[in-house]
Amino acid sequence: MSDIHELEKQILSSINEAGDLAALEKIRVSALGKKGSVSALMKGVGKLPPDERKSFGQQVNGVRQALDKALAEKKTALADAALAERLATETADISLPVRMGPLSEGRVHPISQCMEEISEIFADMGFSVAEGPDIEDDFHNFTALNIPADHPARQEQDTFYFPKRADGSRLVLRTHTSPVQIRTMETQKPPIRIIAPGRVYRCDSDQTHTPMFHQVEGLVIDEETHMGHLKWVLEEFLKAFFEVDEVQMRFRANHFPFTEPSMEVDIRYERSGREVRIGTGDQWMEILGCGMVHPNVLKAVGYDPDQLQGFAFGVGIDRLAMLKYGMPDLRDFFSADLRWLKHYGFSVLDVPTLAGGLGA
Ligand code: DAH
């Protein structure tokens, strides 16, 4: 019995004397590691006569706990000491001139640039920018958008779920920017005119899908807003964004739970070599979903659907960026390759404005 306490004393004193984290780790392994001295005692417990087993086991456990505690305390003390030493010895010369690098070398990512361009265009039409969290709850991402519990859209959207919380509910990485519609209506009084650009997440990855991508949501709520307004807003937006005089859009009937009627919109384009021309040619690219806000969505935020109505749309930003700037592969957007960024990126000082030109 006294052996155990002798061993404990020895280890505790070597913990106390350990000069750095590496030495401390060595002590931990030699005592509590797989082949450590205390672990060996633990293994011996099974071989003891039954009447001794329990009390010996408890003693060894007590030693383990004491050692764990001492190790943790020493670890904190060593880390604190190391930090204190760094703070005392390291200095920064804040009078040194700023390196020229970042301003002349750094580049704005095409997606950030497109978000700026989009915000600028919609600001000109009287829209403001709204935001919501990337981590959403079920109500905002689904239920309030008229996507009930057993609706297939929940599967279609390949949701990333967080582990269940105590009350059984699960948070999600938002699968679209549409929850920002709900958050905006919950906190603002109509008339509402907002866009909400941001990141969205779906459990999907191949040549044309990445698990994180970007959308911009649009929402207009008023007493007399109709589909003519929707069409006009989209047309003005696309002309300004692609910097062309004409765009041709194709509205296809579709289904989204949060709009009625719902449509998908394609734009006409053609590719010649590496160049993409918008407004001519015989190819169509689907770029957005839209429709008139469903009465159930208005009810979910406490609006009266007999008084208020409006339209909403959701656009894939990555696709727009690929079309506008001729970038062939979506995955390059997120590969953090500096050569790519240097080629396709934008100068920090080139802020997009409608008067000065959007994308340089
Ligand atoms: N949330 C849809 C999606 O991610 C896109 C969408 C469609 C947004 C229609 C809208 C809308 O606001 O009206 O697939």
Side-chain angles (χ1 to χ4, degrees), residues 109-115 118 130-184 186 195-219 252 254-259 262-266 285-291 293-294 296-297 300 312-323 325 327-337 340-341 344:
H109 194 284
I111 292 293
S112 308
Q113 175 78 13
C114 284
M115 286 193 181
I118 292 167
E131 283 183 321
D134 284 19
I135 298 176
E136 262 302 357
D137 54 38
D138 193 88
F139 177 76
H140 290 90
N141 196 76
F142 294 121
T143 310
L145 287 161
N146 196 32
I147 313 178
D150 48 358
H151 196 281
R154 295 206 180 202
Q155 274 103 56
E156 274 161 31
Q157 297 208 339
D158 296 318
T159 314
F160 285 113
Y161 284 99
F162 282 80
K164 272 203 174 118
R165 292 186 291 184
D167 64 0
S169 65
R170 285 190 294 182
L171 294 174
V172 300
L173 283 177
R174 68 176 178 193
T175 56
H176 48 182
T177 41
S178 304
V180 187
Q181 290 185 30
I182 304 299
R183 291 194 177 271
T184 306
E186 281 174 338
I195 57 160
R199 294 191 170 107
V200 300
Y201 307 84
R202 289 188 201 172
C203 190
D204 201 354
S205 181
D206 60 32
Q207 277 189 333
T208 52
H209 295 92
T210 49
M212 187 278 294
F213 57 103
H214 301 83
Q215 289 186 337
V216 57
E217 194 77 11
L219 176 70
R252 275 182 295 105
N254 200 294
H255 172 75
F256 298 107
F258 29 90
T259 42
S262 304
M263 289 147 293
E264 274 184 332
V265 175
D266 307 330
M285 165 99 68
E286 178 207 318
I287 50 162
L288 63 92
C290 61
V293 177
H294 197 291
N296 287 350
V297 174
F313 54 88
V315 190
I317 295 181
D318 312 80
R319 270 212 184 155
L320 286 189
M322 285 170 84
L323 272 182
Y325 294 115
M327 295 168 292
D329 192 329
L330 181 63
R331 289 168 300 184
D332 291 339
F333 282 41
F334 311 115
S335 65
D337 184 336
W340 184 88
L341 198 57
Y344 287 109

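- Taking each heavy atom of F313 and C290 in turn, the nearest pair found is CB-CB, 3.6 Å.
- Heavy-atom minimum distance, G132 versus R174: O-NH1, 3.4 Å.
- Nearest heavy-atom pair across F139 and I182 is CE2-CG2, 4.3 Å.
- Using a 4.5 Å heavy-atom cutoff, the side chains of I135 and F162 are in contact.
- A 4.5 Å side-chain heavy-atom check between M212 and V200 finds every atom pair outside the cut-off.
- Residues S169 and D167 have side chains that bring a donor and an acceptor to within less than 3.5 angstrom of each other.
- The shortest heavy-atom contact between M263 and G291 is CE-CA, 3.9 Å.
- Interatomic distance, H294 NE2 to S262 OG, rounded to the nearest 0.5 Å: 8.0 Å.
- Here R183 pairs with E136 in a salt bridge; the nearest charged N to carboxylate O distance falls below 4.0 Å.
- Annotation: side chain of L341 is in contact with side chain of H109 (closest heavy-atom distance under 4.5 Å).
- Atom-to-atom distance recorded for T259:OG1 and L145:CG is 10.0 Å, nearest 0.5 angstrom.
- Side-chain N or O atoms of N146 include none that pairs as donor or acceptor with a backbone N or O of N296 at under 3.5 Å.
- Taking all atoms of both residues into account, the shortest heavy-atom contact from Q215 to T177 is OE1-N, 2.9 Å.
- Considering CG of L171 and NZ of K164, their distance stands at 13.0 Å, rounded to 0.5 Å.
- For the pair T159 and L173, the tightest heavy-atom approach, listed with the atom from each and the gap, is CG2-O, 4.5 Å.
- Salt-bridge annotation for R170 and D138: absent, with no side-chain N of the basic residue lying under 4.0 Å from a carboxylate O of the acidic one.
- Contact check for P197 versus I118: no side-chain heavy atoms found under the 4.5 Å cut-off.
- For the side chain to side chain contact (heavy atoms under 4.5 Å, CB included) with P179, the qualifying choice from N141, V172, D137 is N141, the only one to do so.
- The pair R202-D204 does not count as a salt bridge, with every side-chain nitrogen at least 4.0 angstrom from each carboxylate oxygen.
- Proximity of H255 to P257: side-chain heavy atoms (C-beta onward) are separated by under 4.5 Å at one or more points.
- The closest side-chain heavy-atom distance from D266 to I287 is not below 4.5 Å.
- Between Y325 and C114 there is a side-chain heavy-atom pair separated by less than 4.5 Å.
- The shortest side-chain heavy-atom distance between D158 and T175 does not fall under the 4.5 Å cut-off.
- Under the 3.5 Å distance criterion, with hydrogens and angles disregarded, no donor-acceptor pair is assigned to the side chains of H176 and E217.
- Taking the six-membered ring for Trp and thresholds of 30 and 60 degrees, W340 and F333 have ring planes inclined between 30 and 60 degrees apart.
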